[in-house]
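This report refers to the structure that appears directly beneath it.
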2 protein chains.
Amino acid sequence: MNAARARKQRLPALTRTEVAARDRLGELDIDLPSTTAVSNIFRAANAARNYLERKVLRDYELSFSGFTVLWVLWIDGPQETRRLAEEAGITKGTLTGVLKTLEGLELVRRTTPDEDRRLTIVHLTTRGKRRMQQVFPKFNQAEAQITAGLNNREWAGLVTGLRGVLAQIQALEDD
Amino acid sequence: MNAARARKQRLPALTRTEVAARDRLGELDIDLPSTTAVSNIFRAANAARNYLERKVLRDYELSFSGFTVLWVLWIDGPQETRRLAEEAGITKGTLTGVLKTLEGLELVRRTTPDEDRRLTIVHLTTRGKRRMQQVFPKFNQAEAQITAGLNNREWAGLVTGLRGVLAQIQALEDD
DNA sequence: ATAATATCGTTTGGGCCCCAACGAAATCAA
DNA sequence: TTGATTTCGTTGGGGCCCAAACGATATTAT
């Protein structure tokens, strides 16, 4: 298939950078629409992350990863490190450091079950639950602001596209 | 407006985590569609970044940020630190470290113009240009794989949605 | 029973990331 | 002209990030 050529006649116009890229890459056989899609994912994620950290999380002593870990524990309940890392989208090694920070803030606690002493079960403390009850509504307000420019159709298109990308990467990694 | 309610009757079905979140948050007044959109942006960006670093960039001694900086220099040409950081989506302080790494690999070089000795102009070396000519086609192939699951309509919906989010954050930060 | 293997979470090393503080250089004011 | 202000890029501190190596524990094979 040649998605590049087909897509080129399609919707969103090119930004200044994208025009410069096309000119610079004239001689190479490049699928520019893919570049546009992927680089916009990174731009949006970067901007959203920084916005949410500055406008919301900073006031509650939370990093973005720390918040994500608390969120998973809040929604899914206590669980072992391995699964928690996967749900939060970070590696086990990274999670160890994040948990040390959260434990220092007394927002989570680690326990080792007697049935299998290799495991570590992480759970929210009372303070951790309280913190999430305070911070999540604020966080959600900011999320709503960020997506306020989208109508229903655009929202659905965004989510569908992102899920498609995720599924594709998943499939590529199960090679 | 009540985007939450309107959107809820709409397209993409809820995943397991999203159902758990809805149940957990029943009593609070939360705009769940916003959470769905934002968290999928992070998930997709995370997965794409890790995939591209592992499958492509690692073989060329490049981090994702290092590659992005080289890309900007390749497309837009030599430029001062301030603008380069902005284009690459990182702070000036972070860029200093990234440039140190890239300079160690002899892929970029820094010069101070006589007209204004506060500035630093960064430009690609010959080796840097050669590296990009090698790595970008591979990178682009991986980008194409990642987005291969989208048809034209889905691609356009994704890009339009991401641009909408970016514009909204931009507007919010110019408060 | 005991040795080999597998699976935990942690540690380590190098790099990225932000913010705030800083010195150097240029510009503006008095 | 010389002091105040602005604008550079860099530095320092704390935290996040991954991959690989590691010790501890559990399981499997002999």
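Protein chains get the first letters and strands the later ones, always in sequence-line order, with residue 1 at the start of each. Worth knowing before you read on, the calculation uses all heavy atoms, side chains too, and leaves out hydrogens, waters and symmetry mates. Keep in mind the model is a prediction, meaning the values are calculated, not measured.
Between the side chain of A:N46 and the main chain of B:G89, a donor-acceptor pair closer than 3.5 Å is present. When atom types are taken as modelled, the side chain of A:W74 and the backbone of A:M132 share no donor-acceptor pair closer than 3.5 angstrom. Here the side chain of B:E87 pairs no donor or acceptor atom with the backbone of B:L84 at under 3.5 angstrom. With hydrogens and angles disregarded, no donor-acceptor distance shorter than 3.5 Å links the side chain of A:T112 to the backbone of A:T120. At least one donor-acceptor pair under 3.5 Å links the side chain of B:E154 to the backbone N or O of B:N151.
Listed candidates were D:dA26, C:dC18, D:dC16. Nearest to the side chain of B:I90 is C:dC18. With D:dA19, D:dA26, D:dC16 as the candidates, the nucleotide lying closest to the side chain of B:R58 is D:dA19.
Across the protein-nucleic acid pair, B:L62 atom CG and C:dC16 atom C1' stand 14 Å apart, rounded to whole Å. If you take CG of B:L102 and C1' of C:dC16, they are 12 Å apart, rounded to a whole angstrom. With rounding to whole Å, B:E86 atom CD is found 16 Å from C:dC18 atom C1'. Rounded to an integer number of Å, the gap from B:L84 CG to D:dG9 C1' is 12 Å. Distance CZ (B:R117) to C1' (C:dA25): 9 Å, rounded to an integer number of Å. Between the CZ atom of A:R54 and the P atom of C:dC17 there is a distance of 15 Å, given to the nearest Å.
Of all heavy-atom pairs between A:R110 and A:E103, the closest is NH2-OE1, 3.0 Å.
Under the rule for a ring-ring contact (aromatic ring centres under 6.0 Å, His included), the partners of B:F42 that lie at least two apart in sequence or sit in another chain are A:F64.
Considering only side-chain N and O atoms, B:T91 lies under 4.0 angstrom from the phosphate OP1 or OP2 of C:dC18. Between B:S65 and C:dC17 there is a side-chain polar atom (N or O) within less than 4.0 angstrom of OP1 or OP2.
With the nearest nucleotide of DNA chain D identified for both A:E115 and A:F64, A:F64 has the one nearer the 5' end. Along DNA chain D, the nucleotide nearest to A:D114 and the one nearest to A:S63 differ in position, and the one closer to the 5' end is contacted by A:S63.
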- List the steps and the verdict of salt bridge (charged side-chain N to carboxylate O under 4.0 Å, His left out) for A:D59 and A:K138. CA-CA 10 Å; A:D59 296 340; A:K138 301 282 187 187; over 6 Å; no
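Non-hydrogen atoms lying under 4.0 Å from DNA chain D are contributed by B:N50, all within residues 37-53 of chain B.
Looking only at atom types and distance, the side chain of A:N140 has no donor-acceptor partner in the side chain of B:S34 under 3.5 Å away.
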- Summarise how protein sits on nucleotides 3-14 of chain C as a single string, 5' to 3': B when a protein heavy atom is under 4.0 Å from the base, S for sugar-phosphate-only contact, - for no contact. ----BSBBB---
